Amino acid sequence: MTINSRKAINFEKLENIAIIGNGGRENALAWAIQKSDYVKNIFIIPGNGGSSNFKKCKGLDLDYSDTSKLIDKLIELNINFIIIGPEIPLANGLADVLRKKDFCVFGPGSDGAKLESSKSWAKNFMKDGNIPTADFWKVSSIEDATPIINSNNSLVVKADGLASGKGVFIPENRNETLEITELILNGKFGNAGNIVVLEERLKGPEVSVFALCDGKNYVVLPTAQDHKRLEEGDKGLNTGGMGAYSPTPLISQNDLKEICEKIIDPTIKGLIKKKIDYRGVLYFGLMITESGAKVIEYNCRFGDPECQTIMPLMDKNFVNLLYECAIGNLHKNEQIIVNNMVSGCVIASSNGYPQDYEVGYKIQLENSKDKNLQVFHSGTIINESKELVTNGGRVLSIVCQNKDFDTAFEKAYEYLDKVKFKGISYRKDIGHQVRESYKGVRN
Ligand code: AMP
Ligand code: GLY
C-alpha cells in the first residue's frame, strides 16, 4: 500500500517503553526491543517470572485493567511508548483510553479489535471487502440454526465473542452440531455466545501471517506455522499453540504477493472505509485451500507462540517499526530487516493443559549460552521464596535459530531435555513439516 508521505521521526521517544501483558509473546517482544540503542527501560506490566531476565527489562506487578492507576504509573515512569499485547485489553478499549491521554500506543482501538472480538462482525467485514473466507451464517436462536444445520454436511460452530480460544467447535455430525450450537446459545460462554457463527468447513494446512499496520500502510513479518493441537501427529485438544516455526515453505514469495493483494490490501482498505485507524498488528490466520488462501480468523495481536518464533529473526531496529505504526508514519516502502536464519519454537507446558493443571512447581533451567537459543517465559512467576515456579498452562518457549530447521529443532530439544519441572510436557514433533530428519507423522 502506498498512501502517505513521511515526516521526520524522533526515535528518542523510545527511551522508556511499557509492554502490557504477561505471556511468552510479551517476553519475546521485550527481548527483541531491548536490542535497540534508543531504548533505555522496558516495563512489562504485569510481566512474569522471566521479565527481568533481559537487559533493560523489568516486570511491574500492576493490574492494567485499573486504568487510572495504570495511567498514573505510566506518567510517573515517564513512559512515552506503550505496546499492548493481549486481545482482551485491546477489545476493552485500553488503547483508546491511553490515546485520549496523549500516550503513543501500538495496538488498535476497540473498533479495530472487533476483527477479533466479534467473529460475526469480522465475517461481514470480509464479505463486504470480497476477502476470501469460508461461507457463513450468523444465528441467534436454535430455530434459525436448525434449517442451516440440516442442509449442510460439515459445519464449524463458533461463539461470536472472545472465549479464550475455546469458542470454536468442529463437530463430527449434525446432532453434535445442533447440540453445541444450543449449548453456546444457552450461555456456555456467557454473552460471547449470544450470537453463533456457523461456517463452511474448509480443508488445508493453516499458516499465520502478520502485518504491522500504521492505519494506511503495512509491512509483513516472516510467515509462521503454529501447532495448535496438544498431541504429536497434530491430534488431541486444541491449545493456544504448542510450538511453531518460521518462515513456512507453505507460502512462497508469489503466494505472499497474492495474499497481500487478495487479503491484506482489502482488509486495510475496509478498515479505512469504516474510518478505523488501525495502528497495530493484524494477524491473519489463513487456511491454504485448493482454491487458494482463505481467512479462518483475524486477530488484533501477535500470535503466541508465533511471536516468540519470529522475534529472534528481527534486527535491532524492530521497535522503530512498531513506533512508526503507532504514530501513523510507516514508510510506504518500508523494508523489514530479517536475518537469513530459520527459527523453531517448542512450548513446555504443565501436564493437564489446556484443561486442569497444577501450578507452583519449581523450575530448573540453565541460562542459554547460545546466542541463537532463547528461553522465553509464559506461565512462570518468582514466588515469595524468590524461586522460579510454574504459574500457567504454557510455561516456557524454547526458541532456536539456525541455517536449517533440523539443527534448530535438534538444539531446542537438546536444551529442553535439561529443563525440569513437575509435569513438564511438550510435543516432540514440532516442525515435523520442515524437518528433513523427522521420521514421525508428516502432513
Ligand atoms: P479460530 O479461533 O476461528 O481460528 O478457530 C480455531 C481453529 O478451528 C482454527 O485454527 C482451525 O483449525 C479450526 N477452524 C476454524 N474455522 C474453520 C473452518 N471454517 N474450517 C475448518 N477449520 C476451521
Ligand atoms: N497461536 C495462535 C494464537 O495466538 O491465537
Side-chain angles (χ1 to χ4, degrees), residues 14 17-39 42 44 47-48 50-57 81 83-86 106-107 207-213 219-227 240-241 243-248 280-283 299 301-326 334-348 368 370-378 380 394 396-402 405 408-409 411-412 415 430-431:
L14 291 172
I17 296 182
I19 300 178
I20 305 288
N22 66 351
R25 169 182 47 213
E26 289 77 24
N27 203 229
L29 283 168
W31 176 85
I33 288 170
Q34 48 99 32
K35 290 185 187 170
S36 164
D37 298 329
Y38 294 112
V39 174
I42 302 172
I44 316 175
N48 58 35
S51 296
S52 307
N53 286 359
F54 313 128
K55 257 192 331 191
K56 311 175 187 174
C57 301
F81 183 41
I83 298 161
I84 304 178
F106 180 86
V207 294
S208 306
V209 174
F210 301 93
L212 305 179
C213 179
V219 61
V220 179
L221 298 183
T223 58
Q225 190 173 31
D226 184 15
H227 296 61
Y245 69 87
S246 172
T248 171
V281 60
L282 272 165
Y283 166 170
N299 292 310
R301 55 179 171 82
F302 287 102
D304 183 331
E306 292 97 318
C307 185
Q308 295 93 302
T309 315
I310 294 170
M311 281 309 116
L313 301 176
M314 300 293 112
D315 90 325
K316 68 173 188 172
N317 291 322
F318 170 72
V319 67
N320 296 8
L321 292 173
L322 303 184
Y323 185 64
E324 288 167 20
C325 289
E334 191 84 52
Q335 291 293 315
I336 197 150
I337 303 170
V338 294
N339 67 34
N340 59 359
M341 291 198 276
V342 299
S343 183
C345 165
V346 185
I347 297 281
S368 160
D370 181 345
K371 74 173 175 36
N372 292 319
L373 190 145
Q374 303 80 31
V375 181
F376 295 127
H377 288 229
S378 302
T380 73
R394 293 189 292 173
L396 298 167
S397 309
I398 312 304
V399 191
C400 189
Q401 301 77 49
N402 206 279
F405 281 115
F409 278 106
K411 290 190 168 188
Y415 179 87
I430 302 296

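Here the structure is a predicted model, which is why all the values come from computation and not from measurement.
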note = Heavy-atom closest pair (M311 atom, A32 atom, distance to 0.1 Å) is SD-CB, 3.7 Å
query = Would you say the side-chain atoms of K56 pair up with the backbone N or O of V39, donor to acceptor, closer than 3.5 Å?
reply = yes
ask   = For the residue pair F81 and Y323, does the interplanar ring angle fall in the parallel (under 30°), tilted (30 to 60°) or perpendicular (over 60°) class?
value = perpendicular
query = Any chance the side chains of Q308 and D304 put a donor and an acceptor closer than 3.5 Å?
reply = yes
Pairwise side-chain contact, L14 with N320, heavy-atom cut-off 4.5 Å (strictly under) = yes
task = Quick one: closest heavy-atom pair of G344 and F409, and the distance?
result = CA-CZ, 3.5 Å
note = Between A244 and T309 the two heavy atoms that sit nearest each other are CB-OG1, 3.5 Å
key: Any donor-acceptor N/O pair, S246 side chain to T223 backbone, under 3.5 Å   = yes
request  = To the nearest 0.5 Å, tell me how far K411 NZ sits from I398 CD1.
outcome  = 15.0 Å
query = How long is the span from the CD1 atom in I33 to the CD1 atom in I83, to the nearest 0.5 Å?
reply = 3.5 Å
message = Quick check: do Y38 and V319 have side-chain heavy atoms less than 4.5 Å from each other?
response = no
query = What distance do S51 atom OG and I19 atom CD1 have between them, rounded to the nearest 0.5 Å?
reply = 9.0 Å
key: R301: partners by salt bridge (Lys or Arg N to Asp or Glu O under 4.0 Å), with sequence neighbours left out   = E87, E116
key: Heavy-atom donor-acceptor pair, R394 side chain to S378 backbone, under 3.5 Å   = no
inquiry  = A side-chain contact here means heavy atoms from C-beta on lying under 4.5 Å apart; do L396 and H377 qualify?
reply    = yes
ask   = K316: what forms a salt bridge (Lys or Arg N to Asp or Glu O under 4.0 Å) with it, not counting sequence neighbours?
value = D37
Atom of G85, atom of E26 and distance for their closest heavy-atom approach = CA-OE2, 3.2 Å
request  = Anything under 30° is parallel, anything over 60° is perpendicular, the rest tilted; go ahead and classify F54 against W31.
outcome  = perpendicular
query = Between OG of S343 and CE of M314, what distance do you get to the nearest 0.5 Å?
reply = 9.5 Å
key: Taking every non-hydrogen atom, the tightest pair across I347 and G243   = CG1-N, 3.8 Å
ask   = Which atoms form the tightest heavy-atom contact between N27 and G50, and what is the distance?
value = ND2-O, 3.3 Å
